[in-house]
There are 2 protein chains.
Amino acid sequence: MRVVNTKGKKFRVPDATILRLPLYLDKLILLQQAGVKEVSSRQLATSLDIKASQLRHDFHYFGGFSKPGRPYQVDKLVPALEEIIGVDVPVPMIIVGAGHLGQGLANYRNFERLGFPLRGIFDVDPKLVGLEIRGVPIRPLSEMTAFVKEHGIKVGVLTVPVNVAQDVANQMVAAGVVGIWNFTPTDIRTPPQVIVRNERLAVGLMCLSFKTKRIGQTEELRGD
Amino acid sequence: MRVVNTKGKKFRVPDATILRLPLYLDKLILLQQAGVKEVSSRQLATSLDIKASQLRHDFHYFGGFSKPGRPYQVDKLVPALEEIIGVDVPVPMIIVGAGHLGQGLANYRNFERLGFPLRGIFDVDPKLVGLEIRGVPIRPLSEMTAFVKEHGIKVGVLTVPVNVAQDVANQMVAAGVVGIWNFTPTDIRTPPQVIVRNERLAVGLMCLSFKTKRIGQTEELRGD
DNA sequence: CCAATCATGTTAGGTCTTTGACAGGACTAA
DNA sequence: TTAGTCCTGTCAAAGACCTAACATGATTGG
């Protein structure tokens with residue numbers, strides 16, 4: 001994965017590093033909210049269950065964010081990472097499907113903070129239309145296409161029932177959405193220029209279960 | 001990560017492979033539901049955006065699931081993977097926090113299919129207590145500890161407001177839960193033998209945004 | 001029966017990622 | 001000032017992982 005730095009110079013950054021940047025930012029924002037001003041690579045790395053040298057190595061791709069002898073300043077690191085990840089340029093999004101999962105996500109305050117302002121919520125159910133969640137009204141699905149075009153919506157969250165997922169996704173793509181965050185447990189087909197991220201919750205659960213089942217076997221498996 | 005195969009022989013399987021197994025299973029179950037009987041490594045790999053040789057390599061750690069010349073049989077592969085991952089031994093779970101997110105997760109049918117039967121839902125709100133979601137009643141939080149002990153609950157899903165997350169997690173741990181699936185956007189502290197999986201939804205969103213923002217730059221960045 | 005095709009199992013080699021080690025800057029206390 | 005401590009930036013070596021390539025087996029059509 002190639003990235004362009006502030007001086008317009010191109011340099012290569014490993015995918016593995018890119019994937020960790022959001023984790024760093026997420027943790028740093030928690031620290032910032034807790035009033036922490038400085039954090040060392042060791043502290044930050046420990047809290048993320050990785051090695052400090054790896055964290056410094058990652059930061060090194062971007063030139064480093066401190067100088068030898070001084071820990072990182074949270075208030076400087078957060079905006080620096082936000083710019084690298086692209087959080088500083090807001091990406092307006094909509095949620096399609098206002099069932100419990102959709103409403104639950106709509107209540108997540110952190111999305112705004114992370115550059116994803118929620119601009120609209122859509123559903124076919126007339127009983128839901130008109131309700132407001134944190135100031136954002138639920139609109140009829142039929143208005144979605146016009147809304148996306150008018151507000152330049154880039155990302156859509158798909159939280160509809162499985163059986164209509166593909167159909168609704170098609171509408172989103174036709175309206176101009178370029179990224180779909182798919183919470184339905186099925187695959188959806190899209191043109192190649194549209195990016196789909198499948199949030200397969202069951203996968204996370206399986207990983208957790210895999211680990212918990214091996215707790216009792218620690219003795220036997222020691223030495224890994 | 002070490003794993004024991006059916007003959008009781010120990011062999012090492014890379015972490016990266018382990019993490020892909022749930023993805024394979026997830027996709028295969030979709031195929032199975034669609035009535036597909038056979039699938040080649042190429043087809044399966046393409047749908048997951050990985051190389052076919054990698055998939056075969058992964059399967060090779062477990063001895064392979066077919067023989068040269070014949071594609072994989074979905075109906076044999078699914079149970080084989082289920083046993084390896086541990087899905088065949090059910091892990092009863094509860095959801096703590098019956099807000100929208102909690103209710104949304106409670107509606108996810110796939111969890112049962114994947115070995116995680118939902119046994120209980122808990123909340124402090126008296127207005128929610130007594131409601132049923134797919135046959136599972138919402139109970140008062142005060143009954144959680146006894147319930148966990150009585151039913152041998154192993155995994156708890158944490159979908160409570162941020163400010164009470166740590167407190168509720170403490171109660172879960174004290175009751176005997178060994179795995180916590182944390183949906184609150186904060187860190188929770190637990191004894192080392194309790195496994196916490198943080199489902200940082202914002203991280204997934206950031207990865208999606210990172211990719212969508214680079215669509216327009218493809219020209220410039222070609223050659224990665 | 002034979003050739004062509006399609007498929008997996010298996011391995012070695014290359015690539016990517018992580019890790020430990022260390023040079024040197026900054027701060028603190030005496 | 002100086003010794004001690006803590007910290008980052010940097011790099012090379014070790015380790016983990018991925019991939020292309022190929023041997024071999026199954027199937028199909030002629």
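Naming convention: chains lettered A, B, ... in sequence-line order (proteins, then strands); numbering from 1 in each chain.
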For DNA chain D, the residues among residues 67-78 of chain A that have a non-hydrogen atom under 4.0 Å from it: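 Within residues 67-78 of chain A, the residues near DNA chain D are A:K67, A:P68, A:G69, A:R70, A:P71, A:Y72.
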
Close residues, residues 46-55 of chain B, relative to DNA chain D [heavy-atom separation under 4.0 Å]: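 Within this stretch, B:K51, B:S53, B:Q54 sit under 4.0 Å of the strand.
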
Residues 28-39 of chain A side chain polar contacts: donor-acceptor under 3.5 Å, at least two apart:
from	atom 1	to	atom 2	distance (Å)
A:Q32	NE2	A:D75	OD1	3.0
A:K37	NZ	A:D75	OD2	3.4
A:E38	OE2	A:R70	NH2	2.4

A:L44 CG - D:dT8 C1' separation (whole Å):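 Spelled out: CG on A:L44 to C1' on D:dT8 is 13 Å.
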
Distance in angstrom units between A:D15 CG and D:dC17 P, rounded: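 Computing the A:D15:CG to D:dC17:P distance gives 16 Å.
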
Side-chain N,O (B:H57) to OP1/OP2 (D:dC18) below 4.0 Å: no

DNA chain C: 5'-proximal contact among A:R56 and B:G64 (nearest heavy atom): B:G64

Touch class at under 4.0 angstrom, heavy-atom based, for A:F59 against every strand present: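 Touches nothing.
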
Contact interval (first through last nucleotide) of DNA chain C with protein chain A, 4.0 Å heavy-atom: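 Footprint of chain A along DNA chain C, 5' to 3': C:dT17 to C:dC27.
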
Pair listing, salt bridge (charged side-chain N to carboxylate O under 4.0 Å, His left out) test, anchored in residues 187-210 of chain A, at least two apart: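 Passing the test, one end in residues 187-210 of chain A: A:D187-A:R200, A:D187-B:K27, A:R197-A:E199, A:R200-B:D26.
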
Pairs satisfying salt bridge (charged side-chain N to carboxylate O under 4.0 Å, His left out), at least one member in residues 43-67 of chain A, at least two apart: A:R20-A:D58

Side chain A:T190, main chain A:N170, donor-acceptor under 3.5 Å: no

